[in-house]
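See below for the structure under consideration.
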Amino acid sequence: MKTYTTLAIDTSFDETSVSVVEGLKVISNIRPSQMEFHKKYGGVVPSVAKLAHEERIDNVVEESLKQAGKDYSDLDFVAVTKGPGLAIALEVGIKKAKEIAKKYNLPLIPINHMEGHLLSGFAQRNSENLSFDLTNLQEIKFPNIGLLVSGGHTEMILIKNWGDYEKIGETLDDSCGECLDKSGRILGLGFPAGPIISKFAQENRENMIFEQKNKNKSVIIKAQNKNSKREYQLPVTMIHSGDLNFSYSGLKTAFRQLVEKITQSEYATEQDRMQNEENIRRGLKKQEIYDLCSTLEVAAYRPLEIKFQKAIEKYSPAEIWLGGGVVASARFRHLIRKISKKNSLNFRVPYSSSLTTDNAAMIGLVANINLNFVENFKVLRSENEIGELDRVPSLSL
Ligand code: KG4
Ligand code: ZN
């Protein structure tokens, strides 16, 4: 087992992140937020993200090395996110990684961003007395199931061995995080709305009763506020599809319709709606916003609970590996942990929210793990190979 020191870069979306990882240990993980740029647009604007990456990347690399107390001469590898992500954002990180690899004569490793989320639960804090390191990974049994829930993806991965993956389910339209963000936007909760929805739902939990019901041919969540007796209904989508896929666009639409119904503000076209967003939520009482967050959370996570249980029955995994921004939700983790416990699965989740949202540490981690466990793991060594990075085949995650 070899413990490498890897400098990793991820500029796949809106975080300019650079990290130094030693074996499984996260030595530094710098992620200056671009949120101040994107908040005013209510989402990430690609050209704005690219400029912000370009402006910051040099400093973030230097800061990451400085915080780690490392120099270029201490590094064994440079790892960089090759995709998936925003092409013009990815380019910034790839260019910088190539530059460093050439200048300091370091081998370069292209990494799949989703594989980063998948292995993020193995990251260890930078502490002297580590009880878990690379040697412990030899004891892990397969197959395992990965559940990746972020702003860009909602997917289930069958992990047959280190580096050997099969996507067994994915969203057919929006991701779960996107559904939370867009629904929260209707409520005026800002961007990203996921964390605020989680917070409001948690604060409101005691006030709500939930019931799952069949209605015509579909399944709904019926929620009631115990105090006001006010009722809310949202669909639980795709649960009878017979596969392990997801769909969130129907829930997003149903949520908007529910808000429009409460505030009696129906609009005929999407354009009318966009122009009248404030009117749509005007008239919502504070308590109704809380109740809507609670109901949305239950409806959004229920398909994940149901399909996860189905996947367990089909594949008999030994472990569940959770990754992606939505995993920061304590409620989501609780629900999945409960199912894992019931099925005697080992449960792995990143140790901090700095590793659930996009970050470079998870990219360095994939490099350091796969260098030890995956045969023929692709490492670009010569200048020619590095120049051909774009031709390295990508995982279909
Ligand atoms: O992994 P991530 O940072 O970026 C992507 O690769 O997409 O995920 C961002 C997503 C957003 O949709 C955000 O609202 C959601 O993760 N998120 C949360 C929480 N924190 C972030 N959703 C629910 N509860 C949270 N605490
Ligand atoms: Zn991500």
Side-chain angles (χ1 to χ4, degrees), residues 4 6-21 31 34 44-58 60-61 64 72 75-120 148 150-153 155 157 162-167 170 175 323-324 358-371 373-397:
Y4 298 110
T6 298
L7 178 87
I9 301 179
D10 183 287
T11 59
S12 56
F13 194 41
D14 59 338
E15 310 270 356
T16 316
S17 183
V18 181
S19 174
V20 176
V21 187
R31 310 172 309 127
Q34 288 190 4
V44 173
V45 180
S47 55
V48 175
K50 177 190 161 79
L51 282 176
H53 285 312
E54 280 174 343
E55 221 168 71
R56 289 151 182 236
I57 188 78
D58 291 349
V60 182
V61 169
S64 185
Y72 289 101
L75 302 176
D76 298 307
F77 294 93
V78 181
V80 65
T81 299
K82 182 176 175 245
L86 277 178
I88 61 169
L90 285 162
E91 275 169 17
V92 181
I94 292 172
K95 186 169 160 237
K96 185 71 194 167
K98 282 182 177 173
E99 198 183 292
I100 296 172
K102 281 185 195 164
K103 188 163 172 194
Y104 298 98
N105 201 19
L106 289 164
L108 180 64
I109 308 180
I111 303 283
N112 178 292
H113 178 82
M114 299 314 291
E115 192 177 12
H117 280 304
L118 190 63
L119 301 194
S120 57
L148 305 180
S150 70
H153 294 79
E155 51 192 46
I157 313 289
W162 296 111
D164 186 2
Y165 312 117
E166 182 187 333
K167 200 191 285 176
E170 65 186 321
S175 72
D358 289 346
N359 68 88
M362 65 185 193
I363 303 304
L365 195 73
V366 175
N368 290 354
I369 292 176
N370 288 1
L371 281 161
F373 288 94
V374 177
E375 245 178 83
N376 303 322
F377 182 51
K378 192 78 188 162
V379 178
L380 312 175
R381 293 184 187 271
S382 69
E383 200 160 311
N384 260 355
E385 278 183 316
I386 291 173
E388 306 250 302
L389 177 138
D390 292 341
R391 301 221 189 121
V392 177
S394 294
L395 289 173
S396 60
L397 290 184

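With sequence neighbours excluded, no residue forms a salt bridge (Lys or Arg N to Asp or Glu O under 4.0 Å) with Glu383. Looking at residues two or more places apart in sequence or on another chain, you find a side-chain hydrogen bond (donor to acceptor under 3.5 Å, both in side chains) between Ser64 and Ser28. Every salt bridge (Lys or Arg N to Asp or Glu O under 4.0 Å) that Lys96 has, sequence neighbours left out, goes to Asp58, Glu99. By the salt bridge (Lys or Arg N to Asp or Glu O under 4.0 Å) test, Lys102 is found to be paired with no residue, residues two or more places apart in sequence or in another chain being considered. Phe77 pairs by the ring-ring contact (aromatic ring centres under 6.0 Å, His included) definition with Tyr4, not counting sequence neighbours. The side-chain hydrogen bond (donor to acceptor under 3.5 Å, both in side chains) check on Glu385 picks up nothing, with sequence neighbours excluded. The side chain to side chain contact (heavy atoms under 4.5 Å, CB included) search around Ala367 returns Thr6, Ala79, Ile109, Ile111, not counting sequence neighbours. With sequence neighbours excluded, no residue forms a salt bridge (Lys or Arg N to Asp or Glu O under 4.0 Å) with Glu115. Every residue was checked against the side-chain hydrogen bond (donor to acceptor under 3.5 Å, both in side chains) condition with Lys95, not counting sequence neighbours, and none meets it. Applying the ring-ring contact (aromatic ring centres under 6.0 Å, His included) test to Phe373 and every residue at least two apart in sequence or in another chain returns Trp162.
For the residue pair Glu15 and His53, the shortest heavy atom distance occurs at O-CE1, 3.3 Å. In plain terms, the two heavy atoms of Ser396 and Lys167 that are nearest each other are O-CE, 3.3 Å. The minimum heavy-atom distance linking Asp358 with Ser12 is given by the pair OD2-OG, 4.1 Å. Of all non-hydrogen atoms in Leu148 and Met114, the two that sit nearest each other are CD1-O, 3.6 Å. Nearest heavy-atom pair across Ala360 and Ser17 is N-OG, 2.8 Å.
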Test side chain to side chain contact (heavy atoms under 4.5 Å, CB included) applied to Glu91 and Lys50, step by step: CA-CA 9 Å; Glu91 275 169 17; Lys50 177 190 161 79; 4.0 Å; yes

From CA spacing to verdict: side chain to side chain contact (heavy atoms under 4.5 Å, CB included), Leu108, Lys98: CA-CA 7 Å; Leu108 180 64; Lys98 282 182 177 173; 4.0 Å; yes

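Between the CG atom in Leu90 and the CD1 atom in Ile9 there is a gap of 12.0 Å [rounded to 0.5 Å]. Here CD1 of Ile94 is found 5.5 Å from CG of Leu389. Values are rounded to the nearest 0.5 Å. Here Ile386 contributes atom CD1 and Ile100 contributes atom CD1; the two are 11.5 Å apart, rounded to the nearest 0.5 Å. To the nearest 0.5 Å, atom CG of residue Leu7 and atom CD1 of residue Ile363 are 12.0 Å apart. Rounding to the nearest 0.5 Å gives a distance of 12.5 Å between OG1 of Thr11 and CZ of Arg56. Separating the CG atom in Asn370 from the CG atom in Asn376 is a distance of 12.0 Å, to the nearest 0.5 Å.
Counting only residues at least two apart or in different chains, side chain to side chain donor-acceptor pair (under 3.5 Å) contacts with residues 77-89 comprise Asp10-Thr81, Lys82-Ser394. Sorted by first and then second residue, the ring-ring contact (aromatic ring centres under 6.0 Å, His included) pairs with a member in residues 95-114 read Tyr72-Tyr104, His113-His117; sequence neighbours excluded.
For the pair Asp14/Val48, no side-chain contact is recorded, criterion being any heavy-atom separation below 4.5 Å from C-beta on. Side-chain contact between Leu371 and Asp76: absent, with no pair of heavy atoms (C-beta onward) separated by less than 4.5 Å.
Panel note: side chain Ser19, backbone Ala8; no donor-acceptor pair is recorded below 3.5 Å.
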